[in-house]
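Before any comments, here is the structure.
Every value quoted in this text rests on a predicted model; they were computed, and no experiment measured them. Note that the numbering runs from 1 along the sequence shown for the chain.
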Amino acid sequence: MTHSTNNTMNIAITGDTGLIGTELKEYLRDNGATTVSLSRNKVDIHSIIELSKRLSGVSTVVHLAGVAHNPNASHDDYYQGNVVFTKTLCQHIATANSRNLCNVTKIIMISSIKAMGESTRPGEPFRHNDDCEPEDDYGKTKLAAEKQLREVCDNAGIEWVVIRPPLVLSKKVRGNLGLIQTISQKGIPIPLAGIDNKRDLVSIHNLCSVILAAIKNPNKLREVFLVSDGKPLSTPEIIEYATKTSARRAKLIKLPQFIRNTLTQHQHKHGLLRRLFGNLEVDINHTSKTLNWHPRKEP
């Protein structure tokens, strides 16, 4: 087995061809690291020998891969893609370490705030050590995958870090924000003006920077970290963000008050209504203190 003999950070990444993975590779390289792809078209993680060859000289693995929000995905899709994949990856890294085929000392898993739940009460943000109450298959399997990571790493003496981001903002708007952008381009009014809620988000830059902070931290980390831009936005502000670079900005109008009251009263029954009208705040004080990290203020 060969190991790096200089001070270069050698970081392996699963899911490095995705939106976050692509940005993370560039960010790490800009900050002096070399990256190794663990994408499924590059390596068969079920082969310990093949995996260990990719991990030669690697000290840290960042685990991004998994099944995200997909309306066509079944519970088994989420379970296999998140829980089973994470367990297999961690077990095979531990086995390769024990055979002196590689020397991975830290695994960082990018989970999701949905592992904790769908919403928060006003003035009561999620904290890193709160009890978790995920509601959908995605959140439940992310939490189960975290458990597999912790158990395997603790048994193998590998450091582990779990990072739970809320909605990630990037230049490539997608999902519901992409839909809003499309509607705005057609000039269709969006009846969401005047909503005074608070939802934390995180820019792709701040997510990458907290990952780098966790990589470089010299302490023996076995921690869960929450991350955000540090300033929650209301639904109208999020819509303005999604369309600020568009040729046509969003046209927001107010719903009649009685309709808003009805929707707000029933938001607990429908995930989309909660995302539009409800709160989702996270407390990043533990992250900032432990990693000496602070989010960059986004424009």
Side-chain angles (χ1 to χ4, degrees), residues 1-18 20-40 42-43 45 48 50-66 85-112 128 142 145-146 148-165 202 204-227 287 290-293:
M1 176 182 63
T2 61
H3 292 290
S4 175
T5 57
N6 55 36
N7 293 322
T8 301
M9 293 181 290
N10 297 299
I11 314 300
I13 307 172
T14 71
D16 67 309
T17 59
I20 296 175
T22 301
E23 295 278 353
L24 180 61
K25 281 189 297 187
E26 182 177 348
Y27 184 87
L28 292 177
R29 290 168 182 172
D30 287 346
N31 283 274
T34 60
T35 63
V36 175
S37 174
L38 294 183
S39 66
R40 301 184 195 198
K42 295 282 187 180
V43 60
I45 69 156
I48 293 176
E50 187 178 335
L51 179 63
S52 63
K53 288 179 180 178
R54 300 290 295 179
L55 294 176
S56 178
V58 167
S59 59
T60 300
V61 172
V62 179
H63 179 32
L64 288 166
F85 183 80
T86 298
K87 181 178 180 179
T88 302
L89 174 71
C90 295
Q91 284 181 330
H92 288 183
I93 291 173
T95 299
N97 274 358
S98 69
R99 296 178 183 176
N100 292 321
L101 297 174
C102 65
N103 186 31
V104 173
T105 58
K106 184 184 297 182
I107 302 177
I108 300 173
M109 175 184 168
I110 310 307
S111 182
S112 170
H128 73 284
K142 277 296 187 181
E146 292 178 16
Q148 295 297 333
L149 169 80
R150 294 196 306 268
E151 290 181 353
V152 174
C153 288
D154 284 345
N155 289 334
I158 300 172
E159 297 175 49
W160 59 266
V161 170
V162 169
I163 297 174
R164 295 173 179 159
V202 64
I204 192 75
H205 174 276
N206 282 333
L207 179 57
C208 289
S209 71
V210 80
I211 292 171
L212 180 60
I215 291 170
K216 297 175 70 174
N217 189 282
N219 298 320
K220 301 293 184 182
L221 294 176
R222 287 175 173 80
E223 297 271 4
V224 173
F225 295 116
L226 307 188
V227 60
T287 304
T290 305
L291 297 179
N292 191 27
W293 170 86

Worksheet item: In Å, rounded to the nearest 0.5 Å, how long is the span from CG of Leu101 to OG of Ser56?
Response: 9.5 Å
Worksheet entry | Lys53 side, atom NZ; Ile48 side, atom CD1 - distance, nearest 0.5 Å | 13.5 Å
Worksheet item: So how far is it from Asn31 CG to Ile11 CD1, rounded to the nearest 0.5 Å?
Response: 11.0 Å
Practice prompt. For residues Val162 and Leu149, determine if any side-chain heavy atom of one lies less than 4.5 Å from a side-chain heavy atom of the other.
Written response: yes
Worksheet item: Are side-chain N/O atoms of Asp154 and Trp160 paired as donor and acceptor at under 3.5 Å?
Response: yes
Worksheet item: Rounded to the nearest 0.5 Å, how far apart are NZ of Lys220 and CD1 of Ile158?
Response: 11.5 Å
Discussion item. Using a 6.0 Å cut-off, check whether atom CG of Asp30 has over 12 heavy atoms from anything other than its own residue.
Written reply: yes
Practice prompt. For side-chain contact (heavy atoms from CB on, under 4.5 Å), just list the numbers for Leu89 and Val152, CA-CA rounded to whole Å, side-chain angles, deciding distance to a tenth of an Å, and then say yes or no.
Written response: CA-CA 10 Å; Leu89 174 71; Val152 174; over 6 Å; no
Worksheet item: Are any of the side-chain heavy atoms of Ile215 and Ile211 separated by less than 4.5 Å?
Response: yes
Item to complete: Side-chain contact test, heavy atoms from C-beta onward, threshold under 4.5 Å: evaluate it for Val58 versus Cys102 and give yes or no.
Response: no
Item to complete: Could you tell me which residues satisfy side-chain contact (heavy atoms from CB on, under 4.5 Å) with Thr34, sequence neighbours excluded, listed by chain and number?
Response: Thr8, Asn10
Practice prompt. Indicate the ring-plane relationship of Tyr27 and His205, choosing parallel, tilted or perpendicular according to the 30° and 60° boundaries.
Written response: perpendicular
Worksheet, complete the sentence: Value for SG (Cys90) from CD1 (Ile45), rounded to nearest 0.5 Å, stands at 9.0 Å
Fill in: Sidechain-backbone polar pair: Asp16 side chain, Ser37 backbone, donor-acceptor under 3.5 Å
no
Worksheet, complete the sentence: side-chain hydrogen bond (donor to acceptor under 3.5 Å, both in side chains) filter on Lys87, not counting sequence neighbours, yields none
Practice prompt. Determine whether Ile13 and Leu28 make a side-chain contact, defined as any pair of heavy atoms from C-beta on separated by less than 4.5 Å.
Written response: yes
Discussion item. Please tell me whether His63 and Thr86 have a donor and an acceptor in their side chains that are separated by less than 3.5 angstrom.
Written reply: yes
Worksheet item: When Arg164 is tested against each of Glu146, Lys142, Met109 for side-chain contact (heavy atoms from CB on, under 4.5 Å), which residue passes?
Response: Glu146
Worksheet item: Would a distance-only check, ignoring hydrogens and angles, find a side-chain to backbone donor-acceptor pair under 3.5 Å from Thr14 to Ala65?
Response: yes
Discussion item. To the closest 0.5 Å, what do you measure between CZ (Arg29) and CE (Met9)?
Written reply: 12.5 Å
Practice prompt. With side-chain contact (heavy atoms from CB on, under 4.5 Å) as the test, would you mind laying out the steps for Thr88 and His92 before giving the verdict?
Written response: CA-CA 6 Å; Thr88 302; His92 288 183; 3.7 Å; yes
Item to complete: Determine the sole option in Leu38, Asn103, Val43, Val36 for which the side-chain contact (heavy atoms from CB on, under 4.5 Å) test with Leu55 is passed.
Response: Leu38
Worksheet item: Is there a donor-acceptor pair closer than 3.5 Å between any side-chain N or O of Asn217 and the backbone N or O of Ala213?
Response: no
Discussion item. Could you go through Thr290 and Phe225, starting from their C-alpha distance and side-chain angles, then the distance that decides it, and tell me whether this counts as side-chain contact (heavy atoms from CB on, under 4.5 Å)?
Written reply: CA-CA 9 Å; Thr290 305; Phe225 295 116; 3.7 Å; yes
Worksheet item: Do Leu212 and Ser209 touch side chain to side chain, with heavy atoms closer than 4.5 Å?
Response: no
Worksheet item: For Lys106, what residues pass the side-chain contact (heavy atoms from CB on, under 4.5 Å) criterion, not counting sequence neighbours?
Response: Thr60, Ile108, Glu159, Leu221
Worksheet item: Under 3.5 Å, is there a donor-acceptor pair between the Trp293 and Thr287 side chains?
Response: no
Worksheet item: Which is it for Leu64 and Leu24 under the side-chain contact (heavy atoms from CB on, under 4.5 Å) test, yes or no, and what are the steps along the way?
Response: CA-CA 10 Å; Leu64 288 166; Leu24 180 61; 4.0 Å; yes
Practice prompt. Could you tell me whether the side chain of Ser98 and the main chain of Thr95 form a donor-acceptor pair under 3.5 Å?
Written response: yes
